[in-house]
Amino acid sequence: MAPAPWEKAPTSAVSTPARPGRSGRWKFMAGGLLILGAVAFLVLSGTMSGARYFITVDELLANPAKYAGQTVRVSGAVDGATIQYDPEALLITFTVANVPDQTPDLALALHEAVQDPNANRLQIRVENQVKPELLQHEAQALMTGTLGPEGTFHVRELNLKCPTRFTESGPDQSIAQPAEGA
Amino acid sequence: MLAEVGLAALALAFGAATYAVIAALWGALRHREAFIISARNAALLVFPLTLGASLALLIALMTAQYQIAYVWQVTNPNTPDFYRFTALWGSQSGSLLFWNLLMSGFSFVALLINWNSNRRLMPWFIVYTMAVSAFFLGLSLLLENPFARIWIMPDGSVAQTVFIPAGAEGPSAVRLAATARGLNPLLRHFGMIIHPPLLYLGFVSFVIPFAFAMSALASGDLSTNWIKAARRWALIAWLFLSLGLLLGGRWAYDVLGWGGYWGWDPVENAAFIPWLIGTAFLHSVMIQEKRGMLKVWNMFLIIFTFSAVIFGTFATRSGLIDSVHSFAQSSIGGAMFLFWAAVTLVSVGLTLWRWNRGELRSEHGFAGLASRETLFVLNNVVFVALALAIFWGSFGAPILSELVFNTDISLGASYFTQVTAPLFAAMYILMGIAPLSAWGAGSAKRLGRAMVVPFGLTLIALLLIGIAGTRGGGALFAYGIVMLSGFVALYEIGRSGAARARATGENIVQATIALFGRNRRRYGGFIVHLGITVIGLGVIGSTLFQAETQQTLRPGEALQFQDYSMTFQGIDAGQIAEDGRFMDIANLTLARNGAQVASLRPRHDIYPSTEGQQGMTMIIPGSYSTLENDFYVLFVAGQADGSATFKVYINPLINLIWWGGLILIVGTLISAWPAESAPASVRERRRAKPTAAGVVA
């Protein structure tokens, strides 16, 4: 039976053209190199313009001239008593305390950072943003922005991590307390 | 009792999977049929045993067995039954067990379906699937056991162990209930309830095509048998992964309250990378089937798809990265990293070994730049480049910078948009051109002729979009290349349907339906392309033309924004929901061009602080959706004088993203649907004339 005209001729799928000649191979190689070069350029230029130092409050305050005007990402512990929010202007201000870069127990490190009167502190200003629900006392703030000449950190992107919620805290000593009325 | 039953089932499942690996390996290497049969039987036991363990945990969740630490962690007395059920995957150890359940289920079904048709591959298939299962069951058993219980030690301290420590006793039921944590509020959303299972389904089902590929390498059966066995599984895995990603976006849009659906978060990216490489595999594998080419490339694609799945799981579950998605820092990180490295190295080593022996040589060369295989390879290069660029931005650059320069850096959303936009543009252009090209030899001239109608339709559509008020060369260019790929799909379906109608005398609808029946894979693929086109239009519209404003309103006052008018009616404060949270609800009426279209109730969900944990407030948006745009409003805060502040977004075309997802599902199901084994005419003849022996060949 002749193949139905609405279907592609099967011969097109099984034909065996000769392997490309030398000029054909060059074309493929040149094309491949061109694509590789274009992708590498994209990635490199994106990295150069998009890379931000991820630093602690101590590192930022120790060398403000180095980071002045640069977009950097800073991590700090939120001091809940300093949080102020103007919902009409969508303006959030608060203070973060320095948290060490590497810490085995984040919740403990955040708690100690906020309690430590000698820890370096950084004033934060976030404009045009609804107050995130996770902006709480002793939350970890991951902030992308720039340090202003007045020493305030102006945040463009604010991410928060609340250890009491996200670290799936395990059973604690409160379970062992006697039940009320028992 | 439930903990003991669950633990026993989990341990037996681990034992069965481990035995299956050893027996299948021995049977395959020594050609001992009895060992292979024994391995199969053991492999088939893994799923029922894992199901038993999962049911034990589920019953414990539903019946509030708070002495089981996992139940204590993810539920509390206020948790409704529905969320008790979904709490099965609400945290690390439960979700790992759920992961095991899905993986063993897929292996069970694949083993039953393919046992007779792929006998040569199956011993090795058992080795690979059961090795992966044994690893994850081992994690569940040894490092993240969901059946660990809470004990009061003789010295009064609290411990969490699987077996009862000497002298320990159970805490009082009252204290356990009073201190139980409850499910993370962020997870109490329909999208989040089904997003993790779908994503897990996508992740774990890639183990099947991966295992078939590895079986081909190990057994030496390097024909297209493994591809035939694996293709449909790969499509199913790809579908689940697509759905998981889409639903994750929908959850972010509905719950996180920032007006968007994709934030280039490392965990989102970790799920997107296997999707990209898997998409490349689904296209590339066609070239091997049709032309016997790209055998090594296909092996690498399926290996790195699965490798990306394991890496994504490792990144999410190990605490490696900071993300709202990530689980707690966990002890499973090191084991998972080693497993990921071992899987990748062994698989790549096996491929290179076969390649070096000359067993993976291509049967054809590339015929020309305009041939379909060349365009498919280009499309593959784009997908892989996207995957690599996203991997670099999410993991590569930060890790390398830390290791080499001892400096922490991160790449923000600007990196991803800058790098991926041109690559996505290239993907859409190739998606438009490639289906019009021919296998083997193709000429640019012929391709150009085939492009005339779709290109013309695209120009007309762009003109209409311009007349409707869309401005900006970049936006029109983006719309143009995305629509071109959609028009190519429609044109190919329409042209083929019309040709069939002319040839058979059927009407165009009948002819088109018959066309789908004859070649589900090709035309299902066009529907998938249409879905991706619709999603692309939604992404462009909502990204380039999102508008926002904010205003404080007194009751009765209205906010005017574009052609909408939103009137604030007042606040219902202190409403109590079934699960114990409080709700402050803002009542709004929305009018468009003077006609009322909706009542919106954006709200604050307030989870009161309980013993051992802080309270939490979530801002849940209200939205009015049309195909044209979403009016998306956040209730920012209420003031003492009764006024309230609102933030409003108008997100053009955003609903096309979800509709495109539905189209994509339909297309994938058409593509994956099993084909008839023989044409209808042949089947009718067979029915009419049964053979003398009564056997149908």
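Each chain gets a letter, A, B and so on, in the order its sequence line appears, and its residues count up from 1. Note that this is a predicted model, so its numbers are computed, not measured.
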Original post:
Is there a side chain to side chain contact (heavy atoms under 4.5 Å, CB included) between K647(B) and V633(B) once you walk through the steps?
Top reply: CA-CA 6 Å; K647(B) 181 154 189 170; V633(B) 55; over 6 Å; no

**OP:** Let me know if L411(B) has heavy atoms under 4.5 Å from chain A in its side chain, its backbone, both or neither.
**Re:** both

Subject >> Segment of T71(A) engaging chain B (4.5 angstrom heavy-atom cut-off) >> reply: neither

**OP:** Without swapping roles, check the side chain of R500(B) against the backbone of E506(B) for a donor-acceptor pair under 3.5 Å.
**Re:** no

Original post:
Of the backbone (N, CA, C, O) and the side chain (C-beta and beyond), which part of S410(B) lies under 4.5 Å from a heavy atom of chain A, both, or neither?
Top reply: both

Original post:
Given a strict heavy-atom distance threshold of 4.5 Å, which part of L378(B) is in contact with chain A: side chain, backbone, both, or neither?
Top reply: side chain

Original post:
What are the two closest non-hydrogen atoms of Q67(B) and G170(B), and how far apart are they?
Top reply: NE2-CA, 3.8 Å

Original post:
Thinking salt bridges, do E157(A) and R73(A) make one under a 4.0 Å N-O criterion?
Top reply: no

Subject >> Validation row: F94(A), D79(A) side chains within 4.5 angstrom (heavy atoms) >> reply: no

Subject >> Heavy atoms from other residues, nucleotides or ligands near CD of E150(A) exceed 12 (cutoff 6.0 Å) >> reply: yes

Subject >> Top of A389(B), G412(B), G497(B) for chain A proximity - count of heavy-atom pairs under 4.5 angstrom >> reply: G412(B)

**OP:** Tell me, for T47(A) versus chain B, whether the close heavy atoms (under 4.5 Å) come from the side chain, the backbone, both or neither.
**Re:** both

Original post:
Which atoms of V381(B) come close to chain A, meaning under 4.5 Å heavy atom to heavy atom: side chain ones, backbone ones, both, or neither?
Top reply: side chain

Original post:
What part of Q418(B) is in contact with chain A, defined as an atom under 4.5 angstrom from a non-hydrogen atom: side chain, backbone, both or neither?
Top reply: both

Subject >> salt bridge (charged side-chain N to carboxylate O under 4.0 Å, His left out) between R156(A) and E127(A), worked out >> reply: CA-CA 8 Å; R156(A) 279 213 307 271; E127(A) 291 176 17; over 6 Å; no

**OP:** Check whether Q639(B) gets within reach of chain A through its side chain, its backbone, both or neither, counting any heavy atom under 4.5 Å.
**Re:** side chain

Subject >> Sole residue of N159(A), V96(A), V126(A) in side-chain contact (heavy atoms from CB on, under 4.5 Å) with M143(A) >> reply: V96(A)

Original post:
How are the rings of Y53(A) and Y67(A) set relative to one another: parallel (under 30°), tilted (30 to 60°) or perpendicular (over 60°)?
Top reply: perpendicular

Subject >> Separation between CD of Q136(A) and CD1 of I83(A), rounded to the nearest 0.5 Å >> reply: 8.0 Å

Original post:
So which part of P422(B) gets closer than 4.5 Å to some heavy atom of chain A, the side chain, the backbone, both or neither?
Top reply: side chain

**OP:** Pull out the residues in residues 32-40 of chain A that come under 4.5 Å of chain B, heavy atom to heavy atom, sorted by number.
**Re:** I35(A), V39(A)

